[in-house]
Number of protein chains: 2
Amino acid sequence: MSRKRWRAVKEIRIADVARLAGVSTATVSRVLSDPDKVRQKTHDLVMEAVRRSGYTPNSTAQKLRTRRTMNVLVVAPRLTNPVFAETLRGVDDELTQSGYGIIIGNLDNRREREARYVDLALSRQVDGVLLLTGYIPENGTRSMRESGLPIVAMCAAIDDDMIPNVVVQDREASRRAVEYLARLGHRKFGYISGTPGSIIESERFGGFLEGIAAAGLSQDEIVRWEGPFVFSTGVAAAESFLQMTERPTGIFAACDESAIGFIKRVRSERVRVPQDVSVIGFDGIELSDYTEPTLTTFRQPLHELGRAGADTLMKLIRKEMKPGDWNVRLPLELLERDTTGPVLHKDYKSLRRATI
Amino acid sequence: MSRKRWRAVKEIRIADVARLAGVSTATVSRVLSDPDKVRQKTHDLVMEAVRRSGYTPNSTAQKLRTRRTMNVLVVAPRLTNPVFAETLRGVDDELTQSGYGIIIGNLDNRREREARYVDLALSRQVDGVLLLTGYIPENGTRSMRESGLPIVAMCAAIDDDMIPNVVVQDREASRRAVEYLARLGHRKFGYISGTPGSIIESERFGGFLEGIAAAGLSQDEIVRWEGPFVFSTGVAAAESFLQMTERPTGIFAACDESAIGFIKRVRSERVRVPQDVSVIGFDGIELSDYTEPTLTTFRQPLHELGRAGADTLMKLIRKEMKPGDWNVRLPLELLERDTTGPVLHKDYKSLRRATI
DNA sequence: CATCAAGATGTAATCGATTACAAAGATCGA
DNA sequence: TCGATCTTTGTAATCGATTACATCTTGATG
């Protein structure tokens with residue numbers, strides 16, 4: 001096992017390559033960035049010197065001079081959220097194609113982390129910002145916007161002329177969820193919330209209420225359980241549900257995880273899904289197709305959303321559009337699976353029991 | 001709706017602040033980076049000017065001058081992998097504390113993407129590299145190492161003196177998984193693989209074989225199903241399993257997802273877990289506690305792993321250690337849950353049936 | 001062959017900070 | 001008050017590229 005002493009290798013600068021090729025630094029630079037501007041012969045000479053020396057341009061110097069960092073900041077609510085991960089894949093696909101890199105801004109659901117990323121943006125370490133969270137506060141967003149930095153909001157809509165929104169139709173889908181359950185005969189509803197205070201949660205709850213109203217029901221009829229976008233929120237909701245004497249028959253969960261947590265808990269107490277209670281989720285995460293029974297839910301077009309957001313940001317950075325020019329609202333797809341079914345009326349239910 | 005014409009705001013440079021405060025740029029710089037070096041009065045004067053002008057230092061210029069980018073590259077196999085996401089959280093915690101940022105290198109399981117990130121590293125956009133993947137090829141790793149860039153390997157061990165390894169004890173845990181099943185009386189084993197060719201997979205399969213040997217069994221006794229680290233690999237394995245006449249009774253899956261896929265599929269054909277077949281997973285993802293039945297598995301200390309890896313990289317960057325000085329191998333924790341149980345011998349099984 | 005335009009290359013300013021070194025100012029004891 | 005010493009501040013070089021402008025080649029054309 002040879003143990004050479006560690007030591008930094010001397011850096012090769014553009015001047016070294018120029019000397020090696022017998023040309024000026026300007027020529028080397030031109031060969032690398034705009035080859036048509038130099039004679040073929042010189043081009044080959046320089047490339048050979050580049051190859052021999054193993055030169056790689058110092059991107060920091062390039063950035064300083066060109067004022068383009070080729071990086072964008074992606075602010076995320078929580079890294080372990082699968083919805084976020086899938087969106088990020090779409091973002092990554094698009095940005096990589098354009099030669100941009102991703103700097104991760106992970107809030108980890110703690111608002112105090114925002115300041116750090118606002119600073120990052122303001123110190124011009126990035127050419128643009130993608131907000132995958134509804135958490136950046138009004139004044140943080142404002143100072144970023146005022147600095148002229150391109151921003152795209154991919155959380156639920158931010159109401160700001162200067163910030164294009166690329167979002168999914170949360171509100172519409174939530175309303176449709178209720179309508180769907182109502183069409184199956186459900187009249188008593190439960191709502192399992194997402195992280196209280198987040199824009200996404202309020203959009204989804206808003207849509208849910210619209211659906212309730214559209215079905216001609218009063219808000220007094222509904223039950224609402226609060227908690228963040230995680231499994232255990234559904235489990236807690238189930239505990240409460242199990243205590244009730246007049247149970248709702250139609251449950252809308254603001255995310256698939258809580259829907260799954262709910263179902264698992266109630267089934268362990270011999271409550272049948274969908275015979276005793278119908279559950280509809282939101283997101284369409286991969287797992288929702290692997291539960292027992294498979295989950296009825298709305299699939300978010302996350303990959304597409306990520307690409308669309310990144311594409312919009314690219315357009316903004318390249319000044320191919322102005323902020324007000326563009327808003328995208330992608331539709332969700334209802335996946336009718338096995339956790340929803342028609343309401344079984346009491347008599348029908350006993351009838352059915354008798355025949356089994 | 002007012003629509004002002006969009007226009008970049010003029011940048012404020014350190015010279016502007018200096019002029020505003022009536023001092024030199026050197027003084028402003030000192031106030032910001034080493035306040036003890038200036039008189040209190042000057043300090044206040046400068047800070048007031050900073051505040052009034054809304055100055056934020058241009059970090060690109062700082063980087064060029066100080067030769068520190070305060071960014072590290074994290075190379076990941078696939079963003080949507082929950083194991084990766086959880087590790088990244090640990091990395092993020094540690095790096096944020098040290099003021100470092102994360103640039104994401106997403107391979108998305110495609111090797112051809114490596115080149116891009118090797119370039120990124122070589123062009124000194126980052127101060128160090130964390131490899132969360134076993135995919136960076138030998139020559140990519142070598143050129144990064146030769147450039148003197150600090151690297152830490154957090155995939156399974158890379159055999160290179162110059163690269164510290166911070167890993168979990170994959171091999172040992174896999175061996176223990178077999179031992180555990182053997183102690184429950186199992187003699188016929190099945191192995192559901194992870195992504196063929198990845199270092200992680202070969203470590204886990206290696207450990208599995210060690211366990212088989214330790215149990216005094218021959219390799220002929222085992223069945224091996226191949227596929228990537230995803231649900232569907234387990235489903236496919238289950239299809240094959242269901243066709244068999246002499247089925248294995250002890251299944252080791254190289255990741256929780258495939259274990260869950262397997263269980264779901266066999267249960268839908270009325271195979272009972274753990275009575276008919278015991279299944280043990282690997283990773284300990286959150287979901288493994290929400291399946292029916294709950295999954296016996298090895299929990300990786302992912303958050304800790306992420307922190308340890310990032311900490312090691314920090315030490316390397318600050319030259320507080322040399323690459324050969326340090327290797328970490330974290331143990332895994334066996335979570336004994338409900339998908340494993342003793343082998344039921346035929347006679348015992350019928351006896352048991354009779355009593356029910 | 002002279003002239004001129006187009007093309008290729010070189011020179012040096014520039015991006016915006018940090019910091020070595022020089023210069024000026026404060027402090028103190030004799 | 002004077003110089004010695006220590007603090008504070010300013011001047012200008014520097015990091016490593018890009019690029020406007022100047023200069024030199026080349027080649028075409030009358």
List the steps and the verdict of side-chain contact (heavy atoms from CB on, under 4.5 Å) for B:Lys63 and B:Asn71. CA-CA 10 Å; B:Lys63 284 174 190 173; B:Asn71 276 136; 3.7 Å; yes

Residues two or more places apart in sequence or in another chain: which of them pass salt bridge (charged side-chain N to carboxylate O under 4.0 Å, His left out) with A:Asp119? none

For B:Thr80 and B:Arg78, test the side chains for any donor-to-acceptor distance below 3.5 angstrom and give the result as yes or no. yes

Euclidean distance, atom CZ of residue B:Arg19 to atom C1' of C:dG16 [Å, nearest integer]: 13 Å

Do the charged groups of A:Arg89 and B:Asp108 touch, with an N to O distance under 4.0 Å? yes

Whole angstrom value for the distance that separates P of D:dG16 from CD of B:Gln125: 15 Å

Are there any protein N/O atoms within less than 3.5 Å of an N/O atom in nucleotides 17-22 of chain C, and if so, which ones and at what distance?
unit_1 : atom_1 : unit_2  : atom_2 : d
C:dA17 : OP1    : B:Tyr55 : OH     : 2.8
C:dA17 : OP1    : B:Asn58 : N      : 3.0
C:dA17 : OP2    : B:Ile14 : N      : 2.3
C:dA17 : O5'    : B:Tyr55 : OH     : 3.3
C:dT18 : OP1    : B:Gln62 : NE2    : 3.0
C:dT18 : OP2    : B:Ser29 : OG     : 2.4
C:dT18 : O2     : B:Arg65 : NH1    : 2.4

Please lay out, stage by stage, how A:Arg113 and B:Asp92 fare under the test side-chain contact (heavy atoms from CB on, under 4.5 Å). CA-CA 12 Å; A:Arg113 283 187 166 224; B:Asp92 183 66; 2.7 Å; yes

Indicate whether any N or O donor in one side chain lies under 3.5 Å from an N or O acceptor in the other, for B:Gln62 and B:Asn58. no

In whole angstroms, how far is the C1' atom of C:dA26 from the CD atom of B:Gln40? 17 Å

Give me the residues of residues 41-54 of chain A where at least one heavy atom lies under 4.0 Å from an atom of DNA chain C, by number, or none. A:Thr42

Which residues satisfy the salt bridge (charged side-chain N to carboxylate O under 4.0 Å, His left out) test with B:Glu304, sequence neighbours excluded? none

Quick one: B:Asp36 CG to D:dC6 C1', roughly how many Å, whole number? 16 Å

Between the two end axes of the helix from C:dC1-D:dG30 to C:dA30-D:dT1, each built from 5 base pairs, what angle do you get to the nearest 10°? 50°

Suppose we screen for salt bridge (charged side-chain N to carboxylate O under 4.0 Å, His left out). Which residues come up paired with A:Arg39, at least two apart in sequence or across chains? none

Are the side chain of A:Asn165 and the backbone of A:Val167 linked by a donor-acceptor contact shorter than 3.5 Å? no

Value rounded to 0.5 Å, distance of CD1 in B:Ile151 from CG in B:Leu316: 9.0 Å

Atom-to-atom span, CG of A:Asp34 to P of C:dG7 - whole angstrom: 13 Å

How long is the span from the CG atom in A:Leu64 to the OG1 atom in A:Thr69, to the nearest 0.5 Å? 12.0 Å

Check the distance between C:dG16's P and B:Glu11's CD and give it to me in whole angstrom. 7 Å

